[in-house]
Amino acid sequence: MTNFKNLRGMVDLLPAHSQGWQKVESIALKHFSRAGLNEIRTPIIEQTELFSRGIGENTDVVGKEMYSFDDRGGRSCTLRPEGTASVARSIVQHGLLNNGPQRLWYRGPMFRYERPQAGRQRQFHQIGVEFVGLPSVMSDAEVISIAWDFLKDVGLVDLTLEINSLGSNEDRNVFKEELKNWLNQRFDLLDEDSRKRINVNPLRILDTKNKSTKELLFEAPSLKDFLSNKSKIRFDYLLDLLDKLKIPHKINNNLVRGLDYYSHTAFEITSEHLGSQATVCGGGRYDGLISELGGPRAPSIGWAIGMERLIILAGEKILQSKSPDVYVIHRGDKAEQLALEITCQLRSFNLKIELDYSGSSFSKQFKRADKSRARWALIIGEDEASKGQLLIKKLRHKPKDVESNEYTFLKEDLDQLIKKLID
RNA sequence: GCGGGCGUCGCCAAGUGGUUAAGGCAGCGGCUUGUGGCGCCGCUAUUCGGGGGUUCGAAUCCCCUCGCUCGCCCCA
C-alpha cells in the first residue's frame with residue numbers, strides 16, 4: 001500500500017459532515033455575539049514553556065500528551081493542547097486588560113498525543129469562552145449559562161452540569177497537606193497510580209477510578225471541609241444564581257480537573273450518550289494564571305466544548321445538508337450557455353442551484369435531479385434555448401398533480417419565475 | 001504506555017484449504033435521441049491491509065508487520 005493516509009488520530013472533515021459543523025458554529029456565534037463576546041485567534045503553536053508553566057508541569061496533558069518538537073532554530077515548540085494558555089499569553093502580551101475586562105471566545109484545532117478512541121482524537125476541535133479580569137460570582141454563572149444555553153440550542157438533551165469548588169489557593173494548600181498525611185498513613189492500601197500521585201498531585205487521587213481506592217476515600221478528608229468561609233459563601237451564591245437561571249446542577253466534590261490553574265469553580269457538562277468520554281464541556285475559574293504568565297492580577301473563568309463530541313451528541317439530524325432549491329437540466333450547445341447564465345443569475349437571489357454537467361439524456365438528468373432532493377428542476381433544451389424560454393418543473397410532487405407542475409417563462413421574466421420558485 | 005476486537009470493491013457484506021471471490025447500496029451506460037421518484041438489463045475487486053512461510057493448491061492455516069476500533073489512564 002503506497003497510498004497516503006492521514007496520521008493516526010487526525011481526522012478529515014468530509015463534505016457529508018461539513019454543513020453540520022457550520023450549523024453548530026453558526027449557533028455558537030449567535031450565542032457569543034448576543035452575549036457581547038469578541039473572537040480571539042491565536043497561533044496553534046507556542047513555545048513549549050507556555051504550556052508547561054501555564055497548565056502545570058505535573059499534569060497528564062503536559063507530562064505525556066504534548067506534540068512538542070524543536071524548530072530549525074532549536075526552540076522547543078508545542079502544538080497547543082488547549083486554548084486557555086494561548087489566550088492568556090496573548091492578553092498579557094498585548095496588554096488587553098488595559099481596556100478593561102475581556103470577554104472572549106475562540107475556536108480551532110487542539111492537539112494531544114493519546115490513543116484515539118470514541119470521542120477522542122489527536123487533533124480535535126474546541127470552541128471556548130474566556131472571561132478575563134472578572135472576579136465576580138456573577139461571571140461564573142453567566143459563563144456557565146452561555147455554555148448551557150448553547151448546548152441546549154443545538155438540541156442536546158440529557159445533559160448534566162457537575163460542579164465543585166476547589167476553594168482559594170490557600171484553602172487548597174492546607175487541604176493538600178492534610179490529604180497527603182491521611183493518604184500516607186494508608187499507603188499500602190492504595191493502588192499503584194495513586195501512590196505515585198501522593199506527592200505530585202494528591203488532588204487527582206480524589207478522582208480515581210480504582211474501586212478499592214475509591215471506597216477507601218469515602219473516609220478521606222474532604223476538600224469542602226477545608227474551604228474558607230469566604231470560599232463557601234462564594235460557592236453557595238453561585239449555586240443560588242444557577243437556580244435562578246434554572247440551570248440544573250449536581251455538586252461533585254471529587255471533581256478536580258486535570259489542569260493546575262483552576263481555583264474556586266470547576267465544572268463539567270457531561271452526557272450519558274458519549275460512551276466513556278462523557279465530558280462535552282469542561283471549565284473553571286483560573287484566578288492565578290494571568291499573573292503567573294507575567295500579567296496583572298486578573299481573576300478569570302472559562303470553558304471549552306469539544307466539537308467532535310458535540311457533533312456526536314447532536315446526531316445524524318444536524319449533519320444533513322440542505323438540498324438545492326433548483327436543479328438545472330440542459331441539453332445542447334445553446335442550452336448549455338443559457339443554463340450557466342440563468343444559474344448564476346438565480347444564485348444572486350440567494351437560491352441554491354445545482355447545475356448538471358453530465359450532458360446525458362433528459363431521463364438521466366431527471367434521475368439525478370430527483371436524487372439531489374431539489375424542489376424544482378429547471379429544464380433548458382434545444383426548444384427552450386431557441387425560443388428564449390425557461391421551463392421549470394416541481395419535483396417530489398404527488399402523481400395526481402402531474403399535469404399541473406410545469407411552468408414556462410420567458411428568460412426576460414426571471415422575476416416571475418423566481419416568484420414561482422419561492423412560494 | 002497497557003488490555004480486548006477487527007481488517008474481502010467508494011460503503012455494507014458472504015465466503016473458514018480446491019478450477020471463474022456471492023449479494024446489496026452508491027456510480028456509469030441502456031430499455032426511454034425531451035422528462036424523475038418504480039421496474040428491468042448490462043458494466044464496475046486478476047484480488048482479499050502488507051510481507052514472509054506451510055501446501056500440488058490459501059481470502060481461508062502459521063509467523064511478522066501495518067492499520068482501524070473499543071476500553072484503561074486522562075481529558076474536549
Side-chain angles (χ1 to χ4, degrees), chain A residues 1-3 5-9 11 14 16 55 58-65 80-84 107-128 147 151 191-194 196-197 201 204 207-211 255-259 268-271 274-283 302-313 327 329-332 335 356 358-385 391-399 402 405-406:
Chain A
M1 180 77 89
T2 56
N3 291 334
K5 291 196 61 192
N6 55 293
L7 259 21
R8 162 176 282 202
V11 178
L14 297 175
I55 299 170
N58 295 319
T59 59
D60 283 4
V61 169
V62 170
K64 55 177 204 188
E65 293 170 5
R80 64 182 183 196
E82 56 106 50
T84 303
R107 69 176 146 187
M110 306 294 164
F111 302 83
R112 257 120 100 158
Y113 193 90
E114 298 179 88
R115 279 289 275 280
Q117 65 188 71
R120 169 188 291 166
Q121 300 164 188
R122 289 183 172 181
Q123 177 178 338
F124 60 104
H125 296 80
Q126 289 187 332
I127 192 159
L151 293 173
D191 62 283
E192 206 190 314
D193 261 6
S194 298
K196 278 191 218 150
R197 280 194 181 128
N201 200 345
R204 290 226 50 86
D207 229 2
T208 184
K209 305 288 188 300
N210 182 287
K211 262 193 214 127
L255 178 66
V256 175
R257 301 193 49 75
L259 314 181
E268 285 182 6
I269 299 175
T270 58
S271 165
L274 266 178
S276 75
Q277 311 304 323
T279 306
V280 64
C281 173
W303 51 253
I305 284 175
M307 279 294 288
E308 283 81 3
R309 291 183 187 175
L310 171 52
I311 295 282
I312 291 170
L313 290 174
Y327 189 95
I329 290 169
H330 59 91
R331 204 157 159 72
D356 193 286
S358 67
S360 46
S361 69
F362 276 94
S363 169
K364 284 291 172 213
Q365 294 196 56
F366 266 101
K367 276 185 181 156
R368 270 190 283 269
D370 193 70
K371 193 154 287 169
S372 79
R373 292 162 29 237
R375 286 166 44 239
W376 290 90
L378 189 147
I379 303 103
I380 305 175
E382 303 285 1
D383 289 357
E384 287 78 14
L391 174 65
I392 58 172
K393 177 172 181 174
K394 193 159 180 90
L395 299 175
R396 1 205 74 226
H397 226 230
K398 295 285 175 281
V402 218
N405 63 349
E406 289 193 9

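Nothing here was measured: the structure is a model prediction, and the numbers come from that model.
- At a threshold of 4.0 angstrom between heavy atoms, the contacts of A/Glu384 include nucleobase atoms, whether or not backbone atoms are also involved.
- A/Arg368 comes within contact range of the sugar-phosphate backbone alone, with a heavy-atom separation under 4.0 Å but no base atom that close.
- Taking 4.0 angstrom as the limit, A/Lys371 places a side-chain polar atom (N or O) nearer than this to OP1 or OP2 of B/G27.
- Under 4.0 angstrom from either OP1 or OP2 of B/U69 there lies no side-chain N or O belonging to A/Arg8.
- When distances run from any side-chain atom of A/Lys5 to the nucleotides B/A76, B/C68, B/G36, the shortest one goes to B/C68.
- The distance from atom NZ of A/Lys364 to atom C1' of B/U33 is 14 Å, rounded to the nearest whole Å.
- Look at A/Arg375 and you won't find any side-chain N or O under 4.0 angstrom from OP1 or OP2 of B/G37.
- Residue A/Asp60 is classed as a sugar-phosphate contact, given heavy-atom separations below 4.0 Å to backbone atoms only.
- Nucleic acid contact for A/Leu391: base, since at least one base atom lies under 4.0 Å from a heavy atom of the residue.
- Between the CH2 atom of A/Trp376 and the C1' atom of B/G37 there is a distance of 16 Å, rounded to whole Å.
- Base pairing analysis places B/C48 opposite nothing; no Watson-Crick or G-U wobble pair with both distances below 3.5 Å involves it.
- Searching all strands for a Watson-Crick or G-U wobble partner of B/G17 with both distances below 3.5 Å returns nothing.
- Residue-to-nucleotide proximity on RNA chain B shows that, of A/Ile305 and A/Asn6, the 5′-proximal contact is made by A/Asn6.
- Applying the 3.5 Å distance criterion, the base of B/C73 shares no donor-acceptor pair with the side chain of A/Arg115.
- For A/Arg309 (side chain) and A/Arg120 (main-chain N/O), no donor-acceptor pair under 3.5 Å exists by modelled atom type.
- Within 4.0 Å (heavy atoms only), A/Arg107 reaches no atom of the nucleic acid at all.
- Annotation: B/U44 and B/G27 have their C1' atoms spaced 8 Å apart (nearest Å).
- When the P atom of B/G34 is taken as reference, atom CD of A/Glu406 falls 15 Å away, rounded to whole Å.
- Separating the P atom of B/U19 from that of B/G34 is a span of 45 Å, rounded to the nearest Å.
- Side-chain N/O atoms of A/Gln117 include none lying less than 4.0 angstrom from OP1 or OP2 on B/U69.
- Among the atoms of the strands shown, none is found under 4.0 Å from any heavy atom of A/Gly128.
- Rounded to whole Å, the distance from CD on A/Gln121 to C1' on B/C70 is 15 Å.
- Residue contacts shown for A/Arg331 are limited to sugar-phosphate atoms, with no base heavy atom under 4.0 Å away.
- As judged by a 4.0 angstrom heavy-atom cut-off over every strand, A/Glu114 is placed among the base-contacting residues.
- Residue A/Leu313 comes nearest to A/Ser271 through the heavy atom pair CD2-OG, 3.3 Å, listed as atom of the first residue, atom of the second, then distance.
- Using a 4.0 Å heavy-atom distance criterion, A/Glu382 is classed as a base contact.
- Rounded to a whole angstrom, the distance from the C1' atom of B/A26 to that of B/C9 is 11 Å.
- Contacts of A/Thr279 classified as side-chain hydrogen bond (donor to acceptor under 3.5 Å, both in side chains), with partners at least two apart in sequence or in another chain: A/Glu268.
- For B/G34, the OP1/OP2 oxygens have a side-chain nitrogen or oxygen of A/Ser361 closer than 4.0 Å.
- Rounded to the nearest Å, the gap between the P atom of B/G15 and that of B/G57 is 26 Å.
- The side-chain ring of A/Phe366 is not stacked on the base of B/G37, judged by centre separation under 5.5 angstrom and plane angle under 30 degrees.
- Nearest heavy atom pair, residue A/Gln126 against residue A/Glu82, reads OE1-CA, 4.1 Å.
- Across the strands present, B/G67 finds its partner in B/C6; the criterion is a Watson-Crick or G-U wobble pair with both atom distances under 3.5 angstrom.
- Of all non-hydrogen atoms in A/Glu308 and A/His125, the two that sit nearest each other are OE2-ND1, 2.8 Å.
- Nearest to the side chain of A/Leu395, among B/U35, B/G36, B/C73, sits B/G36.
- Comparing the same atom, P, in B/G53 and in B/G39 gives a spacing of 50 Å after rounding to whole Å.
- Distance, A/Ile329 CD1 to B/G36 C1': 7 Å, rounded to whole Å.
- Relative to the six-membered ring of A/Phe111, A/Arg122 misses at least one condition, a distance below 6.0 Å or an angle of at most 45° to the axis.
- Atom-to-atom, CG of A/Leu313 to P of B/A76 comes out at 15 Å; the value is rounded to the nearest Å.
- No hydrogens or angles were tested; on distance alone, nothing pairs the side chain of A/Gln365 with the base of B/U35 as donor and acceptor under 3.5 Å.
- Note on A/Ala369: nothing from the nucleic acid sits closer than 4.0 angstrom, heavy atoms only.
- Going from atom CG of A/Asp356 over to atom P of B/G36 covers 15 Å, rounded to whole Å.
- Remark on RNA chain B: of its neighbouring residues A/Glu65 and A/Gly9, the 5'-side contact belongs to A/Gly9, judged by nearest-heavy-atom nucleotide.
- Counting heavy atoms from C-beta on, the side chains of A/Arg204 and A/Ser194 never come closer than 4.5 Å.
- A donor-acceptor pair is defined here as one N or O able to donate and one able to accept, closer than 3.5 Å; such a pair exists between the side chain of A/Arg331 and the backbone of A/Ser360.
- For the P atoms, the distance linking B/G3 with B/A14 amounts to 29 Å, nearest Å.
- Going from the P atom of B/G7 to that of B/U60 covers 12 Å, rounded to whole Å.
- Distance noted for atom C1' between B/C43 and B/U69: 35 Å (whole Å).
- A/Ser363 comes within contact range of at least one nucleobase, with a heavy-atom separation under 4.0 Å.
- One can place CG of A/Asp383 at 15 Å from P of B/U33, the figure rounded to the nearest angstrom.
- Nucleotide B/G29 forms a Watson-Crick or G-U wobble pair with B/C41, both donor-acceptor distances falling under 3.5 Å.
- A donor-acceptor distance shorter than 3.5 angstrom exists from the side chain of A/Gln365 to the backbone of A/His330, with no hydrogens or angles considered.
- B/G1 and B/C72 make up a base pair, with Watson-Crick or G-U wobble contacts both under 3.5 Å.
- The listed nucleotides are B/U35, B/C74, B/C70; the one nearest the side chain of A/Arg204 is B/C74.
- Contact annotation for A/Gly381: base contact, defined as any heavy-atom pair under 4.0 Å involving a base atom.
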